[in-house]
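All of these numbers come straight from a predicted model, not from anything done at the bench. Numbered from 1 within each chain, the chains take letters A, B, ... in sequence-line order.
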Amino acid sequence: MAYDPRPVEPSIYKRWLEAGVFQPRADGEPYVIVIPPPNVTAELHVGHALNNVVQDVLIRFERMRGRAVEWLPGTDHAGIATQNVIEKQLAAEGKTRFDLGREAFVERVWQFVRATGNTILEQLKTIGCSCDWSRTRFTLDPAYSRSVREVFVRLWDEGLIYRGHRVIHWCPHCLTALSDEEAEHHETQGNLYHIKYPFEDGSGFVTVATTRPETMFGDIGLVFNPKDKRHAALKGKRVKIPLSGVVIPIATDDAVELGFGTGLLKVTPAHDANDFEIANRAWPKEDKPLIMTEDAHMEKSSRVPVDLQGLDRFEARKKIVKQLENQGLLVKVEQHQHSVRRCYRCDTIVEPRLSDQWFVKMKPLAEPVLAAYYKGEYDLVPERWRASYENWMKGMRDWNISRQLWWGHRIPVFTCTNGHQWADREDPTSCPKCGAKVEQDPDVLDTWFSSWLWPFATFGWPEPTPDLQRFYPGHTLVTAPEILFLWVSRMLMSGYHFMGKRPFRTVYLTGTVRDTKHRKMSKSLGNGVDPRAVVKLYGADALRWTLIAGSSIGADVILDPNDLDTTFAPGRNFANKLWNIGQFVLGQLPQSVPSIDAIDRRSLTLADRWILSRAQATVREATASLEQFRLDEAAKRCFEFAWNELADWYVEAVKPRMTGASAATPQAVLAYCFDLGLRLLHPVVPFITEELWQKLPMRKTGELLATAQWPAVRPDLEDPRADREFGRVKIAIEQIRSIRAEYRVTPKTKLRATIVARGNDKPATFAGERDTIVRLAQLESLALDGVPLGVGAHAVFGDGSEVVVALEGIVDVSNECRRLSEEYHRLDKQLQSLSARLTNESFVSRAPQDVVAKEREKEKAWRDQRDVLAKKLESLGCS
RNA sequence: GGGCGAAUAGCUCAGCGGUUCAGAGCGCCUGCCUUACACGCAGGAUGUCGGGGGUUCGAAUCCCUCUUCGCCCACCA
């Protein structure tokens, strides 16, 4: 019977919700994760799925360990992104936001957000995320907005916010300023235009190279490096800007790269941040003319030729190049690979633009955060991000926080008609100084200026709420490395600055989900894997399994969008396996299952002791792996326990014992192990484990696996001897099966075998599991006395013991000779290299003693094994 | 230009100085409907661990270098 997750998962999730298990328990040490708030308009994609499943695994693990777990969910108003969505809608109606006006536009965004927002949170439920939905937050909630405003006013009062007049990244499509981090670099194949600038006196020209010819009308001069001998004579000369004829001076500046272009740089201070700096040094009193409008069309200004005015910047560029060419002012055009900044929301090429914006001074915020990092107050996992992080924290420039948008937190700066200016927690009606009329700054704050407060604003800061006291600081932050600088570093800054404490202990940076060509999955490339489709096809557990078990810590996850079946089969197969183990186990258990502690220990067989011991090892290893964020390791270890140990060996070994009076012991062991496996696997595959767990007869009514206790290692059940001895039983069975396959003996044919024990463990080791060996190797009989069986096939154990399978009339002696002799030579070769090492003086003297000792033991065992093979070959009369 | 990461079986990956370390899952081959499971069971094949050099008694594992791919940062117009 195959497991079908579709009807199970939604009903299990509903039970969790109804039982309220996602809310933190009243007592216990807190464990807090705040979700990286997705954009309120977002739809779940596979990157979210990875990110949030990792969080859910950690959360479920800690919840089962008894912590008061708070996983705070919520969404981000995402200023630019959301505003863009609505503007697109308006555009389809032939309108712009200016047609509606500010108030009506914002109202329209709210309507949209209220109607369709938060769908992503609903989608998180389908993949099993156990967030505390009772504390869902939105960055524009009234309480959250108060926190934002409080932070702004405090920074203002501390003098950390200032009005800066400088060149910022401007998106001509979104019509707003962007921060450095929001203007992304993209390598682009462009042109380098070499243009003649004639001397004012008509005595010739100089050549200047530029990638953006259309900016030349904003030039206020040319500069060259003072060390550049080629141009020494140019200093003090004046040239005319082509096409406009505006006369500009030539000066020197150290910032000019000696080897690049012609060595002459045109300075456009209003449209290039670098040029702005140069202009301030070379011509501090000169005007810095803007020659483009906000939407990047050529300005109607006296500096711009009339026929170019009003043209889009790229149209203008084409036309300018043509005109230069016609007038013989274009020397050449070179292909030029360079980096162009684009808006991270709409991909439009950013136009640097001189303007007035609000900035936050970053140094005072960043320094304590970096110092705390050096002190080890918080960690990045994996640690390899250290260098980038450090580098960025040290080199960070001031943060432009004003956005010329309408959707967001309005900047609480007020100016009265008499010029008084201040930041205010309330909306004033008149100037407190002079009583004059006041006006609020029209801009809104950068979205990150609200999300950087997420770890404490969500809990009610600045009010000293009980939540804030209990849930700050948090513990783990799980996020994509892309927003390490944009978001994580700033949360650390706000946390230290306003709370005086780190916001979290560990920053777990996940990998990126990519396709098989290692391209990031994205809507525009159409190479995405839709997690919702995966859930429908294979179930949420299968999705989770592939995401968690399929990638190690912080590594990229490669998924093949064209072969979902191969990608998600492992998880589906495993869920099915678990389901069927459950069918078997549940079929064996009586209404009242004996506890493992209630049964007589003396009734435990070797197989019982073995699986109980394996269970302890699994708990130990899985717990340790989870504590070290090695989720893949933990998942795989539990998989091995359930499938390769419990199902493949224990269940098979124990089947004959499941009936009759003596069944109580295996029932108890089976129940214990299955229950334990379900608990350990629950964080990774919560749905199927809960569903099965609900059917366990020993479960108390109303109990849920989601809040059941994480297993502890029980030293009394650890049994290294059983591990070793049952290990030998397994080898015996495998050897016999292997011989059967090699000689093509049909499964129906019952074989006779004998075991000759030569090692430390006496035949008694096998005696206890004789029936198991007989059954699983499909034998007719198994002798343990080593009595020869005539013609047979041999397999030798590591310690020289051997198993002989009688094959009279079946075996071909020459075939067996060949087989054994291959085995002999393989072993002999290994032995020789080992012996060589052991007679090597430098190895024996320099290698650690325990390694040498181990190698000696190994040598002895191999020698024994080889000698047995030699005798066998001799007795068979092999040449 | 600076920094980081990856390169291991056909595919996706684990292992990151010393126990058969050359592994797992998927795929492939052979045989099985063995009363939990064919989304399964049993048995198998497959890799000069990217190339080269070095350190070491010993290297997939450490160092250097090259090649290929990817990412991050950066004011060469």
Original post:
Between rG43(B), rU12(B), rA36(B), which nucleotide has the shortest distance from any of its atoms to the side chain of Ile558(A)?
Top reply: rU12(B)

Subject >> Rounded distance in Å - CD (Glu633(A)) to P (rC16(B)) >> reply: 9 Å

**OP:** Pick base, sugar-phosphate or nothing for Lys655(A), based on heavy-atom distances below 4.0 Å to the nucleic acid.
**Re:** base

Subject >> Heavy-atom check, side chain of Asp219(A) versus side chain of Val208(A), under 4.5 Å >> reply: no

Original post:
Does the pair Glu742(A)/Arg744(A) count as a salt bridge with the N-to-O cut at 4.0 Å?
Top reply: no

Subject >> Lys636(A) to Phe641(A) six-membered ring, cation-pi geometry met (6.0 Å, 45°) >> reply: no

Subject >> Nearest-Å distance for atom pair CG/P, residues Asp632(A) and rG15(B) >> reply: 7 Å

Subject >> Exam field: side chain Thr512(A) to backbone Asp556(A), donor-acceptor pair closer than 3.5 Å >> reply: no

Subject >> Test: Arg490(A) cationic atom under 6.0 Å from Trp399(A) six-membered ring centre, within 45° of axis >> reply: yes

**OP:** Would you mind reading off the distance between Glu383(A) atom CD and rG3(B) atom P, rounded to a whole angstrom?
**Re:** 18 Å

**OP:** Have a look at Asp275(A) and say if it touches a base, only the backbone sugar-phosphate, or nothing, with a 4.0 Å heavy-atom cut-off.
**Re:** nothing

**OP:** Kindly indicate whether the side chain of Leu178(A), heavy atoms from C-beta on, has any atom under 4.5 Å from the side chain of Asn400(A).
**Re:** no

Original post:
C1' atom, rC4(B) versus rG23(B): distance in rounded Å?
Top reply: 28 Å

Subject >> Any Arg166(A) side-chain nitrogen or oxygen under 4.0 Å from OP1 or OP2 of rC75(B) >> reply: no

Original post:
NA contact type, Val844(A), heavy-atom cut-off 4.0 Å: base, sugar-phosphate, or nothing?
Top reply: nothing

Original post:
Please give, in whole Å, the distance from rU19(B) P to Glu855(A) CD?
Top reply: 7 Å

**OP:** Tell whether Glu652(A) reaches the base of rA42(B) with its side chain through a donor-acceptor pair below 3.5 angstrom.
**Re:** no

Subject >> Nucleotide of rC39(B), rU20(B), rA77(B) approaching Glu257(A) most closely (side-chain heavy atoms) >> reply: rA77(B)

Original post:
If you look at every strand shown and take non-hydrogen atoms under 4.0 Å, does Arg341(A) touch a base, only sugar-phosphate, or nothing?
Top reply: sugar-phosphate

Original post:
Hey, does the side chain of Arg737(A) come within less than 4.0 Å of rG44(B)'s phosphate (OP1/OP2), counting only N and O?
Top reply: no

I'd like a list of close polar pairs between nucleotides 23-30 of chain B and the protein, N/O only, cut-off under 3.5 Å.
from	atom 1	to	atom 2	distance (Å)
rU30(B)	O2'	Arg744(A)	NH1	3.4

Original post:
For the side chain of Ala741(A), counting heavy atoms from C-beta on, which of rG43(B), rA77(B), rC37(B) is nearest?
Top reply: rG43(B)

Subject >> Paired nucleotide for rG40(B) [Watson-Crick or G-U wobble; both distances under 3.5 Å] >> reply: rC32(B)

Original post:
If you look at every strand shown and take non-hydrogen atoms under 4.0 Å, does Ala549(A) touch a base, only sugar-phosphate, or nothing?
Top reply: nothing

Subject >> Proximal nucleotide (of rC37(B), rG3(B), rG31(B)) relative to the Lys577(A) side chain >> reply: rC37(B)

**OP:** Can you tell me the distance, in whole Å, between the NZ atom of Lys750(A) and the P atom of rU34(B)?
**Re:** 12 Å

Original post:
With a 4.0 Å cut-off on heavy atoms, is Ala273(A) in touch with a base, just the backbone sugar-phosphate, or nothing at all?
Top reply: nothing

Subject >> Non-neighbouring partners of His194(A) that pass ring-ring contact (aromatic ring centres under 6.0 Å, His included), sequence neighbours left out >> reply: none

**OP:** Output yes when at least one side-chain N/O atom of Arg384(A) is less than 4.0 Å from OP1 or OP2 of rC4(B), else no.
**Re:** no

**OP:** Cation-pi check, Lys266(A) to Tyr197(A): give yes when NZ or CZ is under 6.0 Å from the six-membered ring centre and within 45° of the ring axis, no otherwise.
**Re:** no

Original post:
What is the distance from CZ of Phe568(A) to P of rC13(B), rounded to the nearest Å?
Top reply: 13 Å

**OP:** Answer yes when Arg212(A) and Asp272(A) have at least one side-chain N-carboxylate O distance shorter than 4.0 Å, and no when they do not.
**Re:** yes

Report each atom pair, protein N/O against N/O of nucleotides 67-73 of chain B, whose distance is under 3.5 angstrom.
none

**OP:** Would you classify Arg572(A) as touching base, sugar-phosphate or nothing, given that sugar-phosphate means primed atoms plus P, OP1 and OP2, and contacts are heavy atoms under 4.0 Å?
**Re:** base

**OP:** Side chain of Pro747(A) only, please: which of rC75(B), rG31(B), rU20(B) is the nearest?
**Re:** rG31(B)

Original post:
Whole-Å distance between rU20(B) P and Leu834(A) CG?
Top reply: 8 Å

Original post:
So which nucleotide from rC75(B), rC4(B), rA14(B) ends up closest to the side chain of Ala387(A)?
Top reply: rC4(B)

**OP:** Check whether any side-chain nitrogen or oxygen of Arg397(A) sits under 4.0 Å from OP1 or OP2 of rC75(B), and answer yes or no.
**Re:** yes

Original post:
With a 4.0 Å cut-off on heavy atoms, is Ser339(A) in touch with a base, just the backbone sugar-phosphate, or nothing at all?
Top reply: base

**OP:** Quick one: look up who rC26(B) pairs with, Watson-Crick or G-U, both distances under 3.5 Å, and put none if it's unpaired.
**Re:** rG10(B)

Original post:
Between Lys748(A) and rG31(B), is there a side-chain N or O to OP1/OP2 distance below 4.0 Å?
Top reply: no

Original post:
Would you say His336(A) reaches rC76(B)'s phosphate, i.e. side-chain N/O to OP1/OP2 under 4.0 Å?
Top reply: no

Subject >> Out of rC39(B), rA77(B), rA36(B), whichever nucleotide has its closest atom nearest the side chain of Phe584(A) >> reply: rA36(B)

